[in-house]
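Notes follow the structure.
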Amino acid sequence: MADKMIMRLIRFSKHFSGLCRTDCTVYDLDSRTFHGAMFCHNCRHCDFENTHKYGCFEAQRWGGRYIYYCPAGLTFVAAVLCENSGKLDAGLLAGPMLMGEREDFIEKFPLPYAEIPQVEPSAVNDIAEVMAAGLPGGLSGVQYDALLNDMYAARDAQDDYPIGMESQLCDAIEAGDATRARELLNLLLGHIFFGAQGDFSAIKTRVTELMIIISRSAIRGGADIHQIFIINKDYMEEIRAMESLEKLSLWLTGVLDRFMSYVFEFSAVKHSDVVYKIIGFVQRNYMHKITLDDIAAHVYLSRSYVSKIFKEEMECSLTAYINQVRVQKSKVLLSEEMSLTDVAYNVGFEDQSYYTKVFKKATGISPGQYKMKKGMMR
């Protein structure tokens, strides 16, 4: 990325940080360099670089900005800068922030959370919008010579499409050999581009086939099948909208990089991000009826996948966690002048008998006994 553009982004990040009172860092994805210090540089709970690379990739997929959680439960915002080709160039990262009750974080991770700003969800959304709007427009001067050289090499080496090279590409992806995978991808693109003889519609069809092959290899390599299917749906729409050979080729290279990252880098980060989004949704909606469909729709994943990763990460079911939150919230109301029926209703239980059963299982005493105990303490 050009030094002038990096300096421009760094100046913007400093002003943004001063305005919002939160760290703001520039991440140059080409050089894998962070410009600016962040609270979590030395955090032992997650892989710092992969956490924020994941945020940048998701920001590119979701319209230029993305709110995400690190494995320690801290909130970040990523806004990204892309070249006109669609290549992900740099990210602007704001955070960490606490989007929730400070006590909820301290119980799980003994970090110095007193130093981290606590921000309302609506304000986090505002930060994301302002960050995305403040980034400069696309860059020009895309380097196309290397790709052309690969294309000519492919044409001169063999006129027929090398189907065996696709197998080699799959092997490289599954083995995590990113350098070899990119080399093979460029050679295959060369055969596709010259073989189609300028028919851009035919090229897009062949590239779509190649993308499906890459995605299946990523799944065999260990990427989560649900996540890859979601990404594929977005990519199919992007391919249809492509209007130039140059953009299509660079775009597919980015697709390969992303799939490789989901195979070997992002699993822990992605799961934590989803789990903390679920926790936030429950904390904001515990007083209403919450279904698995509601939660799955909120995080854009399937019901089965949501249940699976939540139980793996939290070591309890979603239903058990929702009941746990409701019981904790009800303890506050039991200290007030409110009937047990009203308490149950206000924390999301549809009948008092079920609330009493859940409360007693969690605390060892009934809500009435707890209420009497609190009354004796006053």
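Numbers here simply count residues along the sequence, with the first being 1.
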Going by atom types only, do Asp293 and Thr291 share a side-chain donor-acceptor pair under 3.5 Å? no
All side-chain hydrogen bond (donor to acceptor under 3.5 Å, both in side chains) counterparts of Asn285, not counting sequence neighbours: none
Using the ring pair (Phe, Tyr, Trp, His ring centres under 6.0 Å) rule, collect all pairs that involve residues 162-189, keeping only residues at least two apart or in two chains. none
So which heavy atom on Pro121 is nearest to which on Arg284, and how close? CG-CD, 4.4 Å
Using 30° and 60° as the class limits, which term best fits the ring planes of Tyr69 and Tyr276: parallel, tilted or perpendicular? parallel
About how many Å separate CZ of Arg65 and CG of Asn125, when rounded to the nearest 0.5 Å? 10.0 Å
Cluster link Trp62 to Trp251, ILVMFWY, side chain under 4.5 Å: yes
According to a 4.5 Å side-chain heavy-atom criterion applied to Ile, Leu, Val, Met, Phe, Trp and Tyr, with indirect links allowed, do Val332 and Val325 form part of one hydrophobic cluster? no
Can you measure from CD1 (Ile6) to CZ (Arg8) and round to the nearest 0.5 angstrom? 12.5 Å
Flag side-chain contact, heavy atom, 4.5 Å: Lys331 against Thr363: yes
For Glu120, salt bridge (Lys or Arg N to Asp or Glu O under 4.0 Å) partners two or more places apart: none
Is any side-chain heavy atom of Phe76 closer than 4.5 Å to a side-chain heavy atom of Thr25? no
Examine His52 together with Tyr27 and report whether their ring centres are nearer than 6.0 Å. no
Does Ser13 offer a backbone N or O that forms a donor-acceptor pair with the side chain of Ser17 under 3.5 Å? no
Using the side chain to side chain contact (heavy atoms under 4.5 Å, CB included) criterion, which residues pair with Arg180? Sequence neighbours excluded. Gln168, Ala172, Asp177, Glu183, Leu184
Exercise: identify the closest heavy-atom pair between Ala78 and Ala59: O-CB, 3.6 Å
Would a single hydrophobic cluster contain both Met7 and Met5, if residues Ile, Leu, Val, Met, Phe, Trp and Tyr are joined by side-chain heavy-atom contacts under 4.5 Å? yes
Could you check Ile278 against Met314 for side-chain contact (heavy atoms from CB on, under 4.5 Å), going step by step and ending with a plain yes or no? CA-CA 11 Å; Ile278 293 170; Met314 298 296 289; over 6 Å; no
Do Leu92 and Val26 make a side-chain contact, defined as non-hydrogen atoms from C-beta onward lying under 4.5 Å apart? yes
Rounded to the nearest 0.5 Å, how far apart are CG of Leu340 and CZ of Phe349? 12.5 Å
CD on Glu58 to NZ on Lys270, rounded to 0.5 Å: 9.0 Å
Shortest non-hydrogen contact from Cys56 toward Gly91: SG-CA, 3.8 Å
Checking Phe281 against Asp294 for the side-chain contact (heavy atoms from CB on, under 4.5 Å) test, could you report, in this order, the C-alpha distance in whole Å, the side-chain angles of both residues, the deciding distance, and whether it holds? CA-CA 9 Å; Phe281 181 82; Asp294 295 331; 4.1 Å; yes
Tyr300 atom OH, neighbour heavy-atom count above 12 within 6.0 Å: no
Which heavy atom in Val269 sits nearest to a heavy atom in Pro71, and how many Å separate them? CA-CG, 4.3 Å
Determine whether Ser317 and Phe310 satisfy the following criterion, side-chain contact (heavy atoms from CB on, under 4.5 Å), listing intermediate values before the conclusion. CA-CA 7 Å; Ser317 69; Phe310 190 88; over 6 Å; no
Judged by atom type as modelled, is there a donor-acceptor pair below 3.5 Å linking the side chain of Arg326 to the main-chain atoms of Tyr286? yes
Note, Thr51 side chain near Tyr68 side chain (heavy atom, < 4.5 Å): yes
Taking only distance into account, with no hydrogens and no angle test, what donor-acceptor pairs under 3.5 Å do side-chain atoms of residues 209-219 form with protein atoms, sequence neighbours excluded?
from: Glu209; atom 1: OE1; to: Arg206; atom 2: NE; distance (Å): 3.3
from: Ser215; atom 1: OG; to: Ile212; atom 2: O; distance (Å): 2.8
from: Ser215; atom 1: OG; to: Asn232; atom 2: ND2; distance (Å): 3.2
from: Ser217; atom 1: OG; to: Ile213; atom 2: O; distance (Å): 3.0
from: Ser217; atom 1: OG; to: Arg220; atom 2: NH2; distance (Å): 3.3

With sequence neighbours excluded, what pairs up with Glu350 under the salt bridge (Lys or Arg N to Asp or Glu O under 4.0 Å) test? none
Heavy-atom count check: over 12 atoms from other residues, nucleotides or ligands less than 6.0 Å from Lys204 NZ? yes
In chain order, what residues pass the salt bridge (Lys or Arg N to Asp or Glu O under 4.0 Å) check against Lys308, with sequence neighbours excluded? Glu312
Those residues that, when tested against Ala362, pass side chain to side chain contact (heavy atoms under 4.5 Å, CB included) (two or more places apart): Val327
Residues passing the side-chain hydrogen bond (donor to acceptor under 3.5 Å, both in side chains) test with Thr33, sequence neighbours excluded, are Ser31
Can you list everything that forms a side chain to side chain contact (heavy atoms under 4.5 Å, CB included) with Arg240? Sequence neighbours excluded, please. Met236, Glu237
Could you list the residues that satisfy side-chain hydrogen bond (donor to acceptor under 3.5 Å, both in side chains) with Asn346, not counting sequence neighbours? none
Can any side-chain N or O of Lys371 pair as donor or acceptor with the backbone N or O of Met338 at less than 3.5 Å? yes
Cluster question for you: counting only ILVMFWY and a side-chain heavy-atom cut-off of under 4.5 Å, with indirect links fine, are Val358 and Met287 together? yes
Do the non-hydrogen side-chain atoms of Val119 and Leu98 ever get within less than 4.5 Å of each other? no
Aromatic plane relationship, Phe359 with Tyr355 - under 30° parallel, 30 to 60° tilted, over 60° perpendicular: perpendicular
Of all heavy-atom pairs linking Phe12 and Val130, the shortest is CZ-O, 4.4 Å
Go through the steps for Tyr305 and Val299 under the test side-chain contact (heavy atoms from CB on, under 4.5 Å), then give the verdict. CA-CA 11 Å; Tyr305 183 57; Val299 295; over 6 Å; no
Interatomic distance, CD@Glu313 vs CG@Asp273, rounded to 0.5 Å, equals 11.0 Å
Could you state the interatomic distance from CD1 (Ile192) to CG (Leu187), rounded to the nearest 0.5 Å? 11.0 Å
Are the side chains of Asn323 and Lys361 in contact, using a 4.5 Å heavy-atom criterion? no
Please list, chain by chain and in numerical order, all residues satisfying salt bridge (Lys or Arg N to Asp or Glu O under 4.0 Å) with Glu166, sequence neighbours excluded. none
If two hydrophobic side chains count as joined below 4.5 Å and joins carry through other members, does Leu334 share a cluster with Ile365? yes
Looking at Pro96 and Ile116, what are the two nearest heavy atoms and their distance? O-CG2, 3.4 Å
